[in-house]
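Treat the numbers as computed from the prediction; the structure is a model and nothing was measured. Indexing begins at 1, ligand by ligand and atom by atom, following the structure's order.
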Amino acid sequence: MISIQDMATFCKKKGFVYSSAEIYGGLAGFWDFGPLGVELKNNIKKEWWNFHVYNRDDIVGSDGSIITNPKVWEASGHLSSFIDFAAVCKKCGYKTKLDKSEVGKLKCEKCKGDYEIKGEFNTMFLTSVGPIKEDSTKAYLRPETAQSIFINFKSICENARLRLPFGIAQVGKVFRNEIAPRDFLFRCREFEQMEIEYFINPKEKFPYKIGNSKILVYSEEMQEKNKPTELMNFKDIYKKGIVKTDWHAYWLEQEFLWFTSLGADPKKFRIRQHTKDEKSHYALDTWDLEYEFPFGWKELQGLANRTDFDLKQHEKFSKKDMSIIEEKNGKQERIMPHVVCEPSQGVERAFLVFMFDAYTYDEKRQNIVLKLNPKLAPIKAAVFPIVKTPRYEKIAKDIVKDLKKEFNVIYDGSGSIGRRYARNDEAGTPFCITIDDKSPKNKTVTIRWRDDAEQVRVKISELKDILRKVISGENLFKLGKKINTRVKKL
Ligand code: GAP
């Protein structure tokens, strides 16, 4: 795996990610996404929404504002508890942030020296609402999307006619004034979250099934007793009481499956339970889905059991009833639902995972091949004439015009054919469509699959349908006639 610095360099070179306002020297923790980056990011969010909202019938979406009434943050506990400690290593001067549980326990990650605490900070960004200073109200940029789900809970529940168990999903920008932003997109000050609050009636039975997929497990007990991680399947993880609730085990598996269904390497994932000291103020039990980055195992997604903490807090502070009435066997019951799990995922961290797992150097081709899942790939196909003649170019441009109605495809006419393949391999473009000498007469083209450079010949009239199928996962070589691309030896 390449280093995080090399990944940042690659992302900048290819137009995935730039440091924000680079012409002015940038600003730590803020990043801008270029032409390929914005497409990958949008595709990640789209696939997350497909998996969690459209493909289920128990989750609906919402989209709250970034700035809201500051009372929200008082009720949620963020004003009093969203605190980090700024620490500087006494020996090497390395700056970092520590949370409460780490103060006095952690040694410097660079030189193992002792940290000196330089103060504590609330990591919410402060702003003011209203242009006239004297009349303005103090407000905060939201540090998580979750709270707007809680404050709109009753309206969403009524409008979507939801019955427990159900979830509310949201994707949106959040802001944290991190003391030490670092590791490229891993720790930013502005980023996006994809979150679900999943509500249940704690008296009701778990209605789904936990599967058999395997993952490395690192429980609180294993961490305390210095035991190694263990490879286990999710069913056993629940049966053996390692993850205490069926719901929690179920959601951990779902989140792992979301990543692996989009091409992430299952061997680089583990689930780690939060220890007593590190659990958030609202959580009964929290597990992180972690990924082995080049700088170590790190949190990719937090999955907390928030119980009825948030709804009760908002009921207390707003003095509005947050419970719902459900009918069971002809009887009406008033329930304060519990958030049995809150899968909370940063888009930028998912972006890094997919980029690291896709990045390969092909010795034979002597270029980088970005093996992104076609669903995530920024550009779905590049279309080009094998040689630049007006006749071939016209066919290529007509194909692009037609495919563009449905897919993000490009016309690529510059440089040699080898250069065009290499450029598209590096951008992660899964399919290259070439117009050659057979195209004008036979009305066929070739499609090259990025990962092995093999090609099939297909009819132009079938291109749209084939592209639809291969992007959704069908094998290209079952849809067209494979052609021999090897040069014959004389
Ligand atoms: N609502 C719960 C919540 O916000 P969190 O563990 O603080 O929980 C959830 O954040 C996820 O947001 C993390 O697992 C990570 O993917 C992402 N995240 C958190 N801080 C981040 C940062 N500074 N930069 C990039 N992503 C971050």
message: As an exercise, identify every atom of ligand 1 less than 4.0 angstrom from a heavy atom of Glu195.
response: 1 (N), 2 (C), 3 (C), 4 (O)
message: With no hydrogens and no angle check, just 3.5 Å: does a side-chain donor-acceptor pair link Ser76 and Gln147?
response: no
Per-atom contacts of ligand 1 with Tyr282, taking only distances under 4.0 Å to non-hydrogen atoms: 2 (C)
query: Among Lys97, Arg189, Arg176, which residue places a heavy atom closest to atom 4 (O) of ligand 1?
result: Arg176
- request: Starting from atom 24 (N) of ligand 1, find the nearest protein heavy-atom neighbour and note its residue, name and distance.
  value: Cys188 N, 2.9 Å
field: Top protein contact for atom 25 (C) of ligand 1, by heavy-atom distance
entry: Phe186 O, 3.1 Å
Identity and distance of the protein heavy atom lying nearest atom 15 (C) of ligand 1: Arg349 NH1, 3.4 Å
query: Taking 4.0 angstrom as the limit, do Asp321 and Arg334 come out as a salt bridge?
result: yes
- prompt: Which of the atoms in ligand 1, numbered in the order shown and given with their element, are less than 4.0 Å from a heavy-atom of Arg306?
  reply: 1 (N), 2 (C)
Atom 27 (C) of ligand 1 [closest protein heavy-atom partner, distance rounded to 0.1 Å]: Phe191 CE1, 3.2 Å
task: Mark yes when over 12 heavy atoms from residues, nucleotides or ligands other than Tyr54 sit less than 6.0 Å from its OH; otherwise mark no.
output: no
- prompt: So, Lys298 and Asp183, do they make that salt bridge, N to O below 4.0 Å?
  reply: no
query: So, does Glu204 use its side chain to make a donor-acceptor pair with the main chain of Leu164 at under 3.5 Å?
result: no
query: Which of the numbered atoms in ligand 1 are below 4.0 angstrom from a heavy atom of Leu300?
result: 14 (O), 15 (C), 16 (O)
Close-contact set for ligand 1 against Glu342 heavy atoms, below 4.0 Å: 1 (N), 2 (C)
- prompt: Would you say Gly346 and ligand 1 have an N/O pair spaced under 3.5 Å apart?
  reply: yes
- prompt: Closest non-hydrogen protein atom to atom 12 (O) of ligand 1, residue and atom name please, with distance?
  reply: Gln193 NE2, 3.3 Å
message: My understanding is that only residues two or more places apart in sequence, or in another chain, count here; which of them pass side-chain hydrogen bond (donor to acceptor under 3.5 Å, both in side chains) with Glu22?
response: Lys12
- request: List every atom of ligand 1 that sits less than 4.0 Å from any heavy atom of Gln301, numbering the atoms from 1 in the order shown and giving each element.
  value: 14 (O)
task: Take Glu195 and Ser344, measure what side chain to side chain donor-acceptor pair (under 3.5 Å) needs, and give me the verdict at the end.
output: CA-CA 4 Å; Glu195 293 196 297; Ser344 175; 2.6 Å; yes
Residues Lys276 and Glu224 bridged, charged N to O under 4.0 Å: yes
- line: Closest to atom 14 (O) of ligand 1 among protein heavy atoms sits Glu299 OE2, 2.5 Å
- request: List every atom of ligand 1 that sits less than 4.0 Å from any heavy atom of Glu144, numbering the atoms from 1 in the order shown and giving each element.
  value: 1 (N), 2 (C), 3 (C), 4 (O)
- request: Output yes when a side-chain donor or acceptor of Asn122 lies under 3.5 Å from a complementary backbone atom of Leu79, and no otherwise.
  value: yes
task: Check side chain to side chain contact (heavy atoms under 4.5 Å, CB included) between Asp288 and all other residues, then give those that pass, not counting sequence neighbours.
output: Arg272, His274, Thr286, Glu290, Glu299
- prompt: Which ligand 1 atoms does Arg187 reach within 4.0 Å, using its non-hydrogen atoms?
  reply: 22 (C), 23 (N), 24 (N)
query: Would Phe186 and Phe184 count as a ring pair (Phe, Tyr, Trp, His ring centres under 6.0 Å) if you check the C-alpha gap in whole Å, the side-chain angles of each, and the deciding distance to 0.1 Å?
result: CA-CA 6 Å; Phe186 182 81; Phe184 185 34; over 10 Å; no
query: Can you tell me which residue and heavy atom of the protein come closest to atom 3 (C) of ligand 1, and the distance to 0.1 Å?
result: Ser344 OG, 3.5 Å
